[in-house]
Novice: 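Here it is, the structure, as structure tokens.
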2 protein chains.
Amino acid sequence: MKRRTAARRQRYAGPRKPRRPERDVLHAIARGHREAPEAIFRRSLELRGLKYTAERREILRTIMSAHAHFDADWLFLAMRKAGAKTSKATIYRSLALLCQVGILREAFHGLHGSTYEHVYGHEHHEHMICLKCGKVIEFMSRKLEKLQEDACRAMKFQPVQHHLQVFGYCRACE
Amino acid sequence: MKRRTAARRQRYAGPRKPRRPERDVLHAIARGHREAPEAIFRRSLELRGLKYTAERREILRTIMSAHAHFDADWLFLAMRKAGAKTSKATIYRSLALLCQVGILREAFHGLHGSTYEHVYGHEHHEHMICLKCGKVIEFMSRKLEKLQEDACRAMKFQPVQHHLQVFGYCRACE
DNA sequence: CTTTCTGCAAATCATTTGCACCCCC
DNA sequence: GGGGGTGCAAATGATTTGCAGAAAG
């Protein structure tokens, strides 16, 4: 059921990465807000000698149309409905790719597998997850971010990404 | 996915501890004057009409001896070494039970499966996880906790439990 | 052309479950 | 004594991977 986190697949090790890989990517994306995600993806692939295939294009389009959080299965079905009969294998391979590129991130582990969300066009945020209805509330706080950075500095830890999940009951379910 | 051994076996964070180690230790000891975990477990089981079996007793003893974070597999092997040949099935069933009872909690998802830690006798804390060596650093901040509470209040969300995981590179791996 | 992709099916792997005895309360 | 408990092995289910033909550059 539960699964592992990112950072493992990939046969191609890639060139030596700079100190803060994801960080840099995120910054790049933030700066390029006017650039379409499609262009970002394509460029990222090129830089790594990978190909911009029809399947990847279609997957990107589908996830950009996702309202909030989704999982591999949702993507699989959504693409079916849209007429693109991509295989699960490709779905998974692409999700990993999109995370590496910084367009997606793994939001958290639901009871069944990973849940993803876009990074592109969405400010970083944390999650509150209702234990009863499963509703996900997003929130964020500058101060919270800053405290985390301070903590990392104090521990000489180079942060790449973080996740804060608060489990509890939403207003309706309490 | 074939190297599920050495890489993440770094469960013990090592001597380099958070800022106020003494303070934390004192707290733990002070709290330890309360009811022993065995008694808590036993009573919880009774209340639910469940039985305090030899296997459960042994599992509890083993996890209480775990220094920090561990996973199902570690527990399985640790018990073998100790001479108790409990099955994986029972390990998993007991871990779930101990979480429900509040003696354990799922700390986070490592690259391979869930990682657990005691709740009993340990002050709440967050985690920094090294993406390279798997080392886990614990830290905590009153301010951070408070900000989270504030956020929940603002969203009318009733928090039950939370997890903050910062992924990145530890001092040695950077 | 050369190299990366994709679909498919088989393989993994952590975790769960069905069953037939076992053993606390 | 009986209902929960345990081990074992088979079942799950999300995700991965080997392969051979397909496509991108």
Side-chain angles (χ1 to χ4, degrees), chain A residues 1-14 41-60 70-77 79-80 84-101 104 106 108-116, chain B residues 1-5 7-8 38 41-60 70-77 79-80 84-101 104 106 108-116:
Chain A
M1 41 169 325
K2 328 261 180 129
R3 239 59 243 312
R4 328 94 212 236
T5 340
R8 60 193 176 307
R9 26 240 141 171
Q10 220 53 48
R11 34 185 88 112
Y12 171 64
F41 191 25
R42 172 166 229 157
R43 188 160 43 69
S44 304
L45 290 173
E46 262 170 31
L47 283 172
R48 298 172 51 181
L50 304 180
K51 295 167 180 177
Y52 191 52
T53 64
E55 288 82 359
R56 287 176 180 168
R57 177 166 34 240
E58 201 51 49
I59 285 173
L60 178 60
F70 63 92
D71 56 27
D73 201 51
W74 176 89
L75 180 51
F76 178 68
L77 295 174
M79 293 199 63
R80 283 226 143 164
K85 290 167 291 301
T86 317
S87 72
K88 276 256 170 91
T90 298
I91 295 281
Y92 280 110
R93 285 188 278 232
S94 297
L95 283 173
L97 211 47
L98 287 160
C99 283
Q100 289 165 23
V101 159
L104 284 186
E106 239 181 299
F108 54 86
H109 273 92
L111 289 177
H112 298 282
S114 296
T115 299
Y116 300 83
Chain B
M1 272 58 328
K2 14 251 157 160
R3 53 28 174 147
R4 71 182 297 335
T5 19
R8 78 176 197 291
E38 298 85 45
F41 191 25
R42 171 165 229 156
R43 188 159 42 67
S44 304
L45 290 173
E46 263 169 29
L47 283 172
R48 298 172 53 181
L50 304 180
K51 295 166 181 177
Y52 192 52
T53 63
E55 288 81 358
R56 288 176 180 168
R57 177 168 32 243
E58 202 50 50
I59 285 173
L60 179 59
F70 64 92
D71 56 28
D73 200 52
W74 176 87
L75 180 52
F76 178 68
L77 295 174
M79 293 197 63
R80 282 226 145 165
K85 289 165 289 302
T86 317
S87 72
K88 275 259 171 83
T90 297
I91 294 281
Y92 279 111
R93 286 189 278 235
S94 297
L95 283 172
L97 210 47
L98 287 161
C99 282
Q100 286 164 29
V101 159
L104 284 185
E106 238 183 296
F108 56 86
H109 275 96
L111 292 177
H112 300 280
S114 296
T115 300
Y116 300 84

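Lettering follows sequence order; numbering is per chain, from 1.
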Novice: Of all heavy-atom pairs between B:Ala72 and B:Ile91, which one has the smallest distance, and what is that distance?
Specialist: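 So the minimum-distance heavy-atom pair works out to O-CG2, 3.9 Å.
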Novice: Expressed in angstrom and rounded to an integer, what is the separation of B:Ile59 atom CD1 from D:dG5 atom P?
Specialist: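 In whole Å, D:dG5 P and B:Ile59 CD1 are 12 Å from each other.
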Novice: What does A:Lys88 touch in the nucleic acid at a heavy-atom separation under 4.0 angstrom: a base, only the sugar-phosphate, or nothing?
Specialist: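 No contact.
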Novice: Heavy atoms only: give me the nearest B:Arg56-B:Leu50 pair and the separation to one decimal.
Specialist: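 Of all heavy-atom pairs spanning B:Arg56 and B:Leu50, the closest is NH1-CB, 4.1 Å.
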Novice: With a 4.0 Å limit, can you tell me whether A:Ser114 has a side-chain N or O closer than that to the phosphate oxygens OP1/OP2 of D:dT15?
Specialist: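 Yes, because at least one side-chain N or O of A:Ser114 sits under 4.0 Å from OP1 or OP2 of D:dT15.
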Novice: Counting heavy atoms not belonging to A:Arg80, are there more than 12 under 6.0 Å from its CZ?
Specialist: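 Incorrect, the count does not exceed 12.
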Novice: Which nucleotides of nucleotides 20-25 of chain D have their base under 4.0 Å from a protein heavy atom (B), which only their sugar-phosphate (S), and which neither (-), written as one string 5' to 3'?
Specialist: ---BBS
Novice: Round to a whole Å and report the spacing from CD of B:Glu55 to C1' of D:dG4.
Specialist: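 Result: 12 Å.
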Novice: How long is the line joining CD of B:Glu58 and P of D:dG5, in whole Å?
Specialist: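 Those two atoms, CD and P, are 18 Å apart.
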Novice: Whole Å only: how far is the CG atom of A:Leu97 from the P atom of C:dC5?
Specialist: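 In whole Å, C:dC5 P lies 8 Å from A:Leu97 CG.
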Novice: Heavy-atom distance under 4.5 Å between the side chains of B:Phe70 and B:Leu77, does that happen here?
Specialist: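 Side chain of B:Phe70 against side chain of B:Leu77, heavy atoms only: no contact under 4.5 Å found.
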Novice: Over all strands shown, is B:Arg93 touching base, sugar-phosphate only, or nothing at heavy-atom distances under 4.0 angstrom?
Specialist: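 Base contact.
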Novice: With DNA chain C as reference, determine whether B:Ala72 or A:Leu45 sits nearer its 5' end, using the nearest nucleotide of each.
Specialist: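 It is A:Leu45 whose nearest nucleotide is closer to the 5' end.
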Novice: Testing the basics here: between B:Asp71 and B:Tyr116, what is the closest heavy-atom pair and its distance to 0.1 Å?
Specialist: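 That closest heavy-atom pairing would be CA-CD1, 4.4 Å.
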Novice: From D:dG5, D:dT15, D:dC8, pick the nucleotide closest to the side chain of B:Ser87?
Specialist: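 Comparing D:dG5, D:dT15, D:dC8 against the side chain of B:Ser87, the answer is D:dC8.
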Novice: At less than 4.0 Å, is any side-chain N or O atom of A:Tyr92 found next to OP1 or OP2 of D:dT15? Yes or no.
Specialist: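 Yes.
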Novice: I need the CG-C1' distance between A:Leu95 and C:dT6, as an integer number of Å.
Specialist: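 Computing the A:Leu95:CG to C:dT6:C1' distance gives 15 Å.
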Novice: Within the 3.5 Å criterion, strictly below it, is a donor on B:Glu106 or B:Ser114 matched to an acceptor on the partner's side chain?
Specialist: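 Yes, because at least one side-chain N or O of B:Glu106 sits under 3.5 Å from a partner of the opposite role on B:Ser114.
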Novice: Measure CG/B:Leu47 against P/D:dG4 and give the value in whole Å, please.
Specialist: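 In whole Å, D:dG4 P and B:Leu47 CG are 16 Å from each other.
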Novice: D:dG13 P sits how many Å from A:Phe76 CZ, rounded?
Specialist: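 Computing the A:Phe76:CZ to D:dG13:P distance gives 16 Å.
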Novice: Please report the shortest heavy-atom distance between A:Leu45 and A:Lys51, naming the atom on each side.
Specialist: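 Minimum heavy-atom separation between A:Leu45 and A:Lys51: CD1-O, 3.7 Å.
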Novice: Would you say a side-chain N or O of A:Arg56 is under 4.0 Å from OP1 or OP2 of C:dT6?
Specialist: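 Yes, within the criterion.
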Novice: Taking OH from A:Tyr116 and C1' from D:dT15, how many angstroms apart are they, rounded to a whole number?
Specialist: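 The answer, rounded to whole Å, is 9 Å.
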